[in-house]
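To keep things clear, I will list the structure first and then write my remarks on it.
Whatever order the structure lists them in is the order used to number ligands and atoms, beginning at 1. Because only heavy atoms are used, hydrogens play no part in the values below, and waters and symmetry mates are left out as well, while side chains stay in. The first residue in the sequence is number 1, and the count goes up from there.
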Amino acid sequence: MTYENRIPLVDLVAQFRAIEPEVRRRLDATLTRADFILGHELAEFESAFASFCECRRAVGVASGLDALKLALRALEIRPGDEVITVANSFIATALAVTAVGAKPVLVDCEPDTFTMNPAQIEAAITDRTRAVLPVHLYGHPADIAAIGAICERYGLHLVEDAAQAHGARYRGRRCGSLGVLAAFSFYPGKNLGAYGDGGAVTTNDEALADRIATLRNYGSKVKYIHELCGENSRLDTLQAAVLNAKLAHLDTWNARRRELAARYEELLKGVGDLQLPKAQADVEPVWHLYVIRTSYRDRLLAWLQEHGIGALIHYPVPIHLQPAYAHMGWKRGQFPVAERLAQEILSLPIYPEMTEAQLNRVVAVIREFFDRAV
Ligand SMILES: Cc1ncc(COP(=O)(O)O)c(C=O)c1O
């Protein structure tokens, strides 16, 4: 296997090469301005990202986990409260609830979109429930109309985990503008990724945005005057500079991801027992991941890796079965759809710089697996 033949899950070097002058220009300007904390590029990014999300405000924070935590803190969710979220997500979604001292209450996901099953929410509501936290998993928006209607009926906050959904649309509206607050991650491999950790909270509520901006900065609006017991969770100005350079390309990159997803669908339809992801009507996903299902998952994963293709499982262990949460008393079998998915899902390479030839090779290797190995 030569290096050239390898196809990674994402290719951040290829992306850097494509935008290198602009990234270097902005980093350089920041280095000469030396405004590393709450600097010019951060202010520019917060304004640009709010516009991108078609909402009033974006507040840059240190990570996606912090964005979730600060969103919950701003809503004054605290010990004794419960937040309903979903069993199949990256563990950060539940950890944010745990971090503010509240209890994560899980529901299962839908088998076709892998997002929160709204039909299970009502049974999970108690008099301690304060919020519902759906995840736009893999860049596909959760069923916000159904979830939002329940939140309204029970007086619950709707907080979006939009860490994988920069630019996705639900009934024409951007993810990040659908709930009272939304959390984004700029982990490097995300559709919009920094060169290190980063995150943001978006909202149409000015007062909540101000509260988050204060909380992330040691609870301070005026230097050395601290109104709240805040945190140090500011998005670095250097990271904001990188994000500004990338944000200008995000719509084009997401469109390319949609093209690649359509191509995978065309070429993989009917191959073996593969089940391919499908966008729901009225939804524009951004294909953070292209996740297929097969009962031969482990063998196909090994085969792809042997052939130099960087497939991966997102995520192999659902949240309720994570050792970190053993104390919660969640049982195997409690969320059967999430558990079944964890056995069958496989993420294929998808990134804007991926070429037609690379995609064709992934498809050829998968076809060969079902022709020869099964
Ligand atoms: C769904 C989801 N929520 C939250 C996070 C946490 O983001 P971060 O790694 O930036 O803390 C991530 C990504 O890592 C994620 O995929």
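When only non-hydrogen protein atoms are considered, atom 16 (O) of ligand 1 lies nearest to Gln164 NE2, 2.8 Å. For atom 15 (C) of ligand 1, the nearest protein heavy atom (residue, atom name, distance) is Ala163 CB, 3.5 Å. Of the protein's non-hydrogen atoms, Lys190 NZ, 2.7 Å is the one closest to atom 13 (C) of ligand 1. Asp161 OD2, 2.8 Å is the protein heavy atom nearest to atom 3 (N) of ligand 1. In terms of protein heavy-atom proximity, atom 11 (O) of ligand 1 is nearest to Leu65 N, 2.8 Å.
Taking the six-membered ring where the residue is Trp, His307 and Trp303 present tilted rings, their angle falling between 30° and 60°. Ring planes of Phe335 and His320: perpendicular class, angle over 60° (limits at 30 and 60°). Taking the six-membered ring where tryptophan is involved, the planes of Phe49 and Phe52 are essentially parallel, since the angle between them stays under 30° and well short of 60°. Between Phe186 and Phe184, the ring planes lie parallel to each other; the angle is under 30°, not in the 30° to 60° tilted range.
Not a single heavy atom of His136 sits closer than 4.0 Å to an atom of ligand 1. At a 4.0 Å cut-off, at least one heavy atom of Ser89 sits close enough to ligand 1 to count as contact. Ligand 1 has no atom lying under 4.0 Å from any heavy atom of Tyr138.
Contacts of Phe184 with ligand 1, taken as heavy-atom pairs under 4.0 Å, are absent altogether.
The aromatic ring centroids of Phe114 and His140 lie 6.0 Å or more from each other. Taking the six-membered ring wherever Trp is involved, the centroid distance between the rings of Trp330 and Tyr325 falls below 6.0 Å.
At under 3.5 Å, a nitrogen or oxygen of Gly64, whether backbone or side chain, sits near a nitrogen or oxygen of ligand 1.
For atom 5 (C) of ligand 1, the candidate residues are Gly193, Ser63, Ala92, Ala165; the nearest heavy-atom contact is made by Ala92.
Using a 4.0 Å cut-off between charged side-chain N and carboxylate O, Glu353 and Arg17 make no salt bridge.
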